[in-house]
Participant: 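My structure is below; once you've seen it, I'll send some questions.
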Amino acid sequence: MRKNIVAGNWKMNTTLQEGVKLAKEVNEELKKVTPKCEVVICVPFTHLASVNGVIDSNNLGLGAENCADHKSGAYTGEISAAMVASTGATHVILGHSERRQYYGENSEILKEKVNLALANGLTPIFCIGEVLEQRENGSYLEVVKAQIEEALFGLSPEDFGKLILAYEPVWAIGTGKTATDDQAEEMHAFIRGVIADKYGKEVADNTSILYGGSCKPTNAAALFAKPNVDGGLIGGASLDAESFMGIVNAF
Ligand code: 13P
């Protein structure tokens with residue numbers, strides 16, 4: 001059966017020194033509990049190798065927040081999936097709405113990134129989600145379905161089975177406005193149905209689908225209690241060890 005997962009997305013926050021300190025704190029806090037979920041922190045590229053050196057990889061997974069859509073070569077400033085993997089990272093967030101919105105990432109680009117991540121043994125945490133207008137005009141289910149079909153449905157069932165999905169309603173990210181647990185469950189159940197139609201019930205049942213968007217210690221338990229919500233992708237609340245652990249311990 002699928003895993004429960006709580007993953008932090010630090011975004012463009014913390015200096016290297018602050019990041020290493022935070023990673024150590026999370027690592028230490030995790031030793032004090034027996035979490036009922038896998039825990040991953042996704043950190044800036046500059047932090048990966050150093051953070052990998054201070055965490056216990058049996059308790060805490062490590063991921064990047066992005067990778068390039070090319071294998072290697074003359075792409076100044078880009079970081080390849082192979083480079084990410086060479087730091088010891090095991091996961092990579094792909095398709096985050098901030099990348100789609102500010103850096104023009106579309107399904108064609110994301111398809112390449114997913115393929116390269118998988119080819120380098122990384123687990124993609126693939127983000128999907130609608131903007132407020134799409135939520136309000138009722139097209140949100142179709143929007144998310146198209147995001148999944150366009151970027152991911154070229155994968156073999158075996159490769160699709162390696163993914164983690166994260167539903168992040170864009171209107172709930174960093175706004176303090178959370179989808180209700182019923183809104184999250186409606187979408188997560190829908191996503192699982194879309195996967196089942198393409199890859200069958202077994203693949204769908206084994207896919208972890210995380211919720212992201214103003215998930216906090218105060219609302220995590222209600223969200224995670226929903227049958228199709230398998231954890232969270234946490235932005236702001238992952239920048240403080242205590243609040244991140246509050247979410248981990250919501251399971
Ligand atoms: P917040 O938790 O800050 O709303 O961010 C969610 C997110 O974008 C995680 O990827």
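The model shown is predicted, which means the values in this text are computed figures rather than measured ones. For ligands, and for the atoms within them, numbers begin at 1 and follow the listed sequence.
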Participant: Quick one: ring-ring contact (aromatic ring centres under 6.0 Å, His included) pairs with a partner in residues 81-131, sequence neighbours left out?
Facilitator: none
Participant: Less than 4.0 angstrom from a charged side-chain N to a carboxylate O is my criterion; do Lys32 and Glu28 meet it?
Facilitator: no
Participant: With a 6.0 Å cut-off (strictly less than), is the heavy-atom count around CE of Met1, excluding the residue itself, greater than 12?
Facilitator: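 Yes, the 6.0 Å shell around CE holds more than 12 heavy atoms from other groups.
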Participant: For ligand 1, give me the residues whose heavy-atom distance to it is below 4.0 Å, by chain and number please.
Facilitator: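 Near ligand 1, by chain and number: Asn9, Lys11, His96, Glu168, Ala172, Ile173, Gly174, Gly213, Ser214, Leu233, Gly235, Gly236.
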Participant: Other residues, nucleotides and ligands only: do more than 12 of their heavy atoms fall within 6.0 Å of CD on Glu202?
Facilitator: no
Participant: List the atom pairs, with distances to 0.1 Å, where a side-chain N or O of residues 243-251 and a protein N or O form a donor-acceptor pair under 3.5 Å, not counting sequence neighbours.
Facilitator:
residue : atom : partner : partner atom : Å
Ser243  : OG   : Ala237  : O            : 2.7
Ser243  : OG   : Asp240  : O            : 3.2
Asn249  : ND2  : Met245  : O            : 3.1

Participant: Test: side chain to side chain donor-acceptor pair (under 3.5 Å). Region: residues 209-218. Which pairs qualify, not counting sequence neighbours?
Facilitator: none
